[in-house]
Each structure stands twice: as structure tokens, then as C-alpha cells.
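To keep things clear, I will list the structure first and then write my remarks on it.
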Amino acid sequence: MAVVYMDNNATTRVDPAVLEEMLPYFSECYGNPSSMYLFGGQVGRKITEARERTAAAFGCHPDEVIFTSCGTESDNTAIRSALASQPEKRHIVTTRVEHPGVLNLVKRLEREGCEATYLGVDEQGRLDLDELKDAIRPDTALVSVMHANNETGVVYPIQEIAEIAKERGALVHTDAVQTLGKIPFDLKKLPVDFLAVSGHKVHAPKGVGALFVRKGVQFRPFMMGGHQEHGRRAGTENTASIIGLGKACEIAMANIARENTVVGGLRDRLEQGLLSSVPEARVNGTRESRLPNTANISFQFVEGEAILLMMDAFGICASSGSACTSGSLEPSHVLRAMGVPFTFAHGSIRFSLSRFNTGAEVDLVLKELPPIIWRLRRISPFKKDGDEQFACSGCEVCKH
Ligand code: PLP
């Protein structure tokens, strides 16, 4: 059975051209890039090229790029550096909908003596910029707001957010893990101090990330050790993966228009098709400002996990908006922050597409998913007895 992979916000397939670029650096060119001899030096030069490619995608100088092990490390490094370089400032502003790579660190920092303000979102997942203005204080070290949300795809107005923070004297970090290759940004114009990305969300391998640190911004390393990355991130470089990330950035930039037209078109057809064939379904997250590949749809009165299991029988891979905490399924912190009603939040599914998806795959989901929802609603404990509103108009399941 073919896999229909629509979970690209969780991770992506490595692009064959990225893999091809990486392969020699496992077996033939395995020298340490810090070595004096040519066998290592040629690897060092390839890392320089990867840094240039990554910087070109960011719109920054190559010296402003630090390679890390993942998006989480990039986020942690930026936030800890902002606090370490300004010991007199102990306050952080962030949002309730950040990835755990930011949220759990900020919670830890609160336990370590910092103060934090968590900005809320409205029912569409949008921030209120007046709330941001009011939240920034003279002792605010950092404003950390994600560029786009991984669950709903909502894109935040990072240009305005950064301008507001800079005017008030705070450093700015943005988690752009979900936007690289999907939404263009140019760090020559975007006044953030730190920007985090992750390789495995852009068709590079897992275990590599990058952090932009603006020239002139004081930086305190997170990892102590060797002199790699100009002393900013110790540890022998993950050479093949860094080379892969550079190549993936180059391909992502060449495909960014296609991401918004072709991938966006597939997402829209999937979303419209599901909304028109399944009643009591809704999209979570404003459609005004959203990643082109992401559709977060709630199907009322059914469990997201049950939908995932039944879709798995057809090879369809997506995510649900619930997380298993203490043995019970809780709606995600993002859907809770948006105030999505309980019966919708439990039945939320995130489809996240990529340039490797096809129209035929969208057709398959549109064919197989509506009968799955009908079947689950028939046995749903939330549905009132005798409620006819979910009677199917004649699909394969209901004919029996
Ligand atoms: N930030 C966002 C918005 C993400 O979606 C993710 C991963 O899902 C991360 C950070 C963490 O990235 P990594 O898995 O590379 O640590």
C-alpha cells in the first residue's frame, strides 16, 4: 500500500538531490573540517558553501548563521543567549501557542527566577499587537514569537512584532521552523535578532538546524567546548547534514513560488472538498494569514485519534490536535488557547502537504475520509440519540 504522506509539519522526506549532495560526506570525504590537511579542508569548504546557501535563503551574511542540531537547540540557544547577555533584564514576552521548544524552556526559566508574559490569541489564532505593546517592560530581555504556528499554520506579523519590540528596547527571537521555504523573509529588512530553523522541515535530514544571530548582537554560547562555528557552537560539525541543509535551502528558495501556488492549491482543494462533504466541520486558524501547506480541520463529535487510525488503514498519514498527557487525551495547548470548543477540539486533524504530494493523493483523502467520519459519528458517545443531522446522503458505508 502506498503511503499518502500529509504530515510535513511533523517532518519531511529528504529530497533526493539533498541526499545525493550528502552521500560522499559519509564515506569518501569523512575528514574533520577543522583539520589542517586538504582531506579535512575540502569538507570545511563544503560547510562554507552550505553556510552561504543558508544565508542566501535567510537574506543575511554567512557569518550570521550558526549550525545547530535542530530547531529546538536553535530556539534554546537564542533565548538563553538573550538572557545571559543582559543579566539586568529578567522578563520574557512570548505567546501561549509557541512550540514546546520555546514554551517549556520559558517555563523552566520562570522556575530559575525569570518572569514571563504569555500573550493570548483570539478564536482565529491571531495575536493582539496592543497586548504585545502593553506587555513589554523596561526589564524585558526578549520577545519570542513564532513566525508561523506548526499546528494551525497561522502566520504572525513578525515585521510589526519586531518593530514594536525594537522600539521598546527588547531583543527579538522568532521560531521560523515552519516558514523556511514556505513564506519568504529577508533578514536585511526583518529586524529580528535571532531566527531559528530546522533541517527536517525543509527536506533536509533530522538532526540539523540553524540559528541566525544578527551581527552586533551580543551572543553567549549554549554549548561549551571546541572552537567550531567560531566558538559559538562547540562540537564537531554534523558535516553531511549541514551540507544537506545548505542544499535544501537552495532548493526551497527555488520552489517557494510553487509552494504557494501548487501546494497551496492542493491544500485548498483538500480543505474545500472536506468542508463541503462533511457537515459540522470547521477550519482552525485564520485563512487570511496562513501557511500555504497547512489545513487544521475539526470534525465535531469524533476523536482525532480514531480518525488517524482509520486513515492509517489507507496509508494516509496526518496528525491530530490532541496530546496524550497522564493517560488522557487533551486537546493541544494551541487549540485550547484559541478556545476551540471541546467537541471540535477533540476531532481536529492537521494535514500538512509538501511539493511531493499529488492531486491523486488529495482525491484519495477526499474519497476515504468522509465515510470514516460518518462511521465514527454513528458510534460517537457525544452524538444525541436519534440525531439525524449526520445521516449520510449515500456513501459506501451507509449503503449497508
Ligand atoms: N518549532 C516549531 C514551530 C516546530 O514545528 C518544531 C518541530 O515540530 C520545532 C520548533 C522543533 O524542531 P526540531 O524538531 O528540529 O527540534
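Residue indices begin at 1 and follow the sequence shown. In each ligand, atom 1 is the first atom listed, and ligand 1 is the first ligand listed.
The protein atom (non-hydrogen) at minimum distance from atom 14 (O) of ligand 1 is H200 NE2, 2.9 Å. Scanning the protein for heavy atoms near atom 7 (C) of ligand 1, the closest one is K201 NZ, 2.8 Å. From the protein, the heavy atom lying nearest to atom 15 (O) of ligand 1 is S198 OG, 2.6 Å. At the shortest separation from atom 16 (O) of ligand 1 among protein heavy atoms lies T72 OG1, 2.6 Å.
Numbered from 1 in the order shown, with element, the atoms of ligand 1 that lie under 4.0 Å from a heavy atom of C70 read 13 (P), 15 (O), 16 (O).
Of the options S69, G71, A10, A196, the smallest heavy-atom separation from atom 12 (O) of ligand 1 is shown by G71. The residue from E98, Q178, H99 that puts a heavy atom closest to atom 6 (C) of ligand 1 is H99. For atom 10 (C) of ligand 1, the candidate residues are V97, T68, D175; the nearest heavy-atom contact is made by D175.
Connection of F344 to V334 is established within a shared hydrophobic cluster, with ILVMFWY side chains joined at heavy-atom distances below 4.5 Å, either directly or through further cluster members. With hydrophobic clusters built from ILVMFWY side chains whose heavy atoms lie under 4.5 angstrom apart, Y118 does not share a cluster with V172.
No side-chain donor-acceptor contact under 3.5 Å links T152 and N284. A donor-acceptor contact closer than 3.5 angstrom links the side chains of T294 and N9.
Inter-residue side-chain proximity for Q159 and L190 is flagged as met; some heavy-atom pair is nearer than 4.5 Å.
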task: Step by step, work out the salt bridge (charged side-chain N to carboxylate O under 4.0 Å, His left out) result for R287 and E271.
output: CA-CA 11 Å; R287 288 153 107 170; E271 198 168 83; 3.3 Å; yes
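The part of D75 lying near ligand 1 is the side chain, judged by heavy-atom distances below 4.0 Å.
Using a 30° and 60° split on the angle between ring planes, F58 and F185 fall in the tilted class, from 30° to 60°.
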